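So the structure is just underneath, and the comments pick up after that.
Reckoned from all heavy atoms, side chains included, excluding hydrogens, waters and symmetry mates. Computed from a predicted structure; not experimentally measured. Whatever order the structure lists them in is the order used to number ligands and atoms, beginning at 1.
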Amino acid sequence: MKKLAFFDTKPYDKLWFDRANTGYEIVYFETKLTARTARLAAGCDAVCAFVNDTIDAAAIDILYECGVKVLALRCAGYNNVDRKAAYGKLVIVRVPAYSPHAVAEHAMALLLCLNRKVHKAYIRTRDFNFSLVGLGGMDLYGKTVGVIGTGKIGRVFIDICRGFGMQVLAYDPYPAADSGLDYVTLDELLERSDVISLHCPLTKENRHLLDGDAFAKMKKGVFLINTSRGGLVDSEALLEALNSGAVRGAGLDVYEEEADLFFEDNSDIPVLDETLSLLVSRPNVIMTSHQAFLTEEALADIARTTFMNLDEYFSDAPVLTNEICYHCDRRKSDPDCLRNRRERCWQPIKD
Ligand code: NAI
């Protein structure tokens with residue numbers, strides 16, 4: 001029986017992975033996967049990791065020394081993995097799609113709550129304060145939403161926004177062919193949108209895509225929604241934009257320094273991150289702790305796809321459906337990419 005070391009386990013992970021298990025011995029660890037904890041995987045054939053595990057070159061070398069063969073990410077994003085360091089040592093598989101509806105619906109939930117101040121009204125009415133003063137919002141109907149990243153989640157979010165009668169502008173360096181979307185430059189999107197929602201991955205190139213310069217270009221009073229990755233937004237610049245009124249409100253499911261805080265109950269310890277403290281204390285900021293994916297459908301999909309990925313690997317399938325490597329970003333333009341030839345990203349050297 002193959003053995004799987006499962007890091008950063010939460011009760012809901014265990015529930016859905018135990019249900020979907022196709023025959024692995026799973027060792028659950030609550031700790032995150034880092035170079036300091038990687039040795040816990042000794043004796044395991046595979047590890048399963050999540051968004052805030054730190055799978056850098058040091059962690060990869062330890063996993064490799066311990067005999068781990070495959071890293072199964074139970075998420076879509078892989079910015080926390082040093083894919084170059086893993087090449088030739090650890091096969092990486094991921095879950096590229098799991099209910100894009102879960103994330104897109106959460107993005108709209110943040111926008112609706114923020115715009116109509118539902119979070120404030122909830123607290124007021126519990127205290128029998130039925131005043132409406134300060135609870136005004138705007139119609140979303142007829143407003144312009146700028147969607148950055150038009151992949152699976154971005155497209156579902158666009159459909160939802162169209163249902164509200166919003167005009168949609170899109171920016172994506174790789175526009176979807178025949179989508180009929182109104183693609184514009186990033187600058188034009190920033191200048192014309194009443195709401196901006198991020199749906200692109202975090203890469204080395206787009207860190208702080210929304211920085212002080214970008215906020216300066218935005219329409220005054222824009223709403224910002226980020227359900228993608230915290231590193232896409234310069235949080236200090238966002239705070240300044242909120243302070244000046246340039247940004248009317250922000251709905252944030254992610255935060256650039258979330259790794260040591262999110263998914264945990266930190267209510268008993270002082271959180272020393274001043275930017276985070278200032279953001280969460282603002283009445284026009286709603287922060288959720290990377291929960292956009294958290295629906296029953298998504299959790300079931302994640303577990304099912306993770307086991308499918310592992311089953312493919314251990315049954316020596318010639319191609320791994322959801323494998324990634326550091327060449328993958330330029331796959332479309334790379335004639336040497338093995339996946340384009342319907343092979344695995346790399347093959348271990350045979351003795
Ligand atoms: P996807 O791969 O289907 O689409 C991503 C799109 O972003 C692609 O069309 C790509 O061309 C585009 N893109 C790449 N670089 C860009 C850039 N610099 N500017 C604008 N667009 C760019 O990915 P999917 O499934 O739609 O997910 C999007 C992101 O959502 C993920 O990368 C992840 O960071 C985030 N996510 C967040 C979750 C949460 O619980 N908060 C859960 C799942 C994903």
Side-chain angles (χ1 to χ4, degrees), residues 8 10 12-13 49-53 73-81 83 94-111 145-160 168-179 181 183-190 193 196-211 214 224-234 250-256 258-259 262-263 286-299 301-302 305-306 322 324 328-333:
D8 200 8
K10 296 287 179 285
Y12 46 82
D13 293 318
F50 195 47
V51 291
N52 287 328
D53 292 308
L73 296 169
R74 56 181 189 279
C75 50
Y78 42 81
N79 54 291
N80 55 335
V81 183
R83 285 175 289 153
R94 65 170 181 144
V95 182
Y98 44 90
S99 179
H101 304 279
V103 182
E105 288 172 15
H106 191 77
M108 183 46 92
L110 287 173
L111 174 58
V145 59
V147 177
I148 300 180
T150 56
K152 292 175 284 297
I153 296 170
R155 298 282 284 275
V156 175
F157 183 71
I158 287 170
D159 286 346
I160 294 173
V168 179
L169 296 177
Y171 168 71
D172 193 311
Y174 311 99
D178 306 327
S179 63
L181 287 174
Y183 282 104
V184 293
T185 62
L186 181 59
D187 278 0
E188 192 177 346
L189 181 146
L190 299 178
S193 301
I196 293 174
S197 194
L198 285 161
H199 297 289
C200 61
L202 174 66
T203 62
K204 280 190 188 111
E205 292 72 38
N206 68 12
R207 187 173 170 75
H208 288 182
L209 182 74
L210 301 187
D211 57 7
L224 173 67
I225 306 296
N226 187 5
T227 55
S228 274
R229 285 293 180 267
L232 293 167
V233 177
D234 178 341
L252 308 173
D253 188 50
V254 286
Y255 172 62
E256 55 183 320
E258 71 178 48
F262 279 24
F263 305 114
I286 297 179
M287 194 173 270
T288 51
S289 57
H290 212 131
Q291 75 173 66
F293 73 100
L294 201 66
T295 65
E296 291 166 8
E297 290 78 0
L299 289 166
D301 273 359
I302 289 168
T305 305
T306 302
N322 297 315
I324 45 162
C328 285
D329 297 335
R330 52 188 172 81
R331 179 185 307 155
K332 284 174 197 148
S333 59

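- The shortest non-hydrogen separation linking Thr288 to His106 is OG1-NE2, 3.0 Å.
- For the side chain to side chain donor-acceptor pair (under 3.5 Å) test, no residue two or more places apart in sequence or in another chain qualifies with Asp159.
- Between Ile148 and the options Ser228, Cys200, Ser197, Ser193, a side chain to side chain contact (heavy atoms under 4.5 Å, CB included) holds for only Cys200.
- Between Tyr98 and Phe293, the ring-plane angle classifies as perpendicular under the 30° and 60° cut-offs.
- Of the possible polar contacts, one joining the Asn80 side chain to the Asp53 backbone as a donor-acceptor pair under 3.5 Å is found.
- Within 6.0 Å of atom CD in Gln291, more than 12 heavy atoms from other residues, nucleotides or ligands are found, so the atom counts as buried in its surroundings.
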Identify all pairs of nitrogen or oxygen atoms, one from ligand 1 and one from the protein, separated by less than 3.5 Å, and list them with distances.
{"residue": "ligand 1", "atom": "3 (O)", "partner": "Lys152", "partner atom": "N", "Å": "2.9"}
{"residue": "ligand 1", "atom": "3 (O)", "partner": "Lys152", "partner atom": "NZ", "Å": "2.8"}
{"residue": "ligand 1", "atom": "9 (O)", "partner": "Gly151", "partner atom": "N", "Å": "3.4"}
{"residue": "ligand 1", "atom": "9 (O)", "partner": "Asp172", "partner atom": "OD2", "Å": "2.6"}
{"residue": "ligand 1", "atom": "11 (O)", "partner": "Asp172", "partner atom": "OD1", "Å": "2.7"}
{"residue": "ligand 1", "atom": "11 (O)", "partner": "Asp172", "partner atom": "OD2", "Å": "3.3"}
{"residue": "ligand 1", "atom": "18 (N)", "partner": "Asn206", "partner atom": "ND2", "Å": "3.3"}
{"residue": "ligand 1", "atom": "26 (O)", "partner": "Lys152", "partner atom": "N", "Å": "3.3"}
{"residue": "ligand 1", "atom": "26 (O)", "partner": "Ile153", "partner atom": "N", "Å": "2.8"}
{"residue": "ligand 1", "atom": "34 (O)", "partner": "Ser228", "partner atom": "O", "Å": "3.4"}
{"residue": "ligand 1", "atom": "34 (O)", "partner": "Arg229", "partner atom": "NH1", "Å": "3.3"}
{"residue": "ligand 1", "atom": "40 (O)", "partner": "Phe293", "partner atom": "N", "Å": "3.1"}
{"residue": "ligand 1", "atom": "41 (N)", "partner": "Thr227", "partner atom": "O", "Å": "3.0"}
{"residue": "ligand 1", "atom": "41 (N)", "partner": "Asp253", "partner atom": "OD2", "Å": "2.9"}

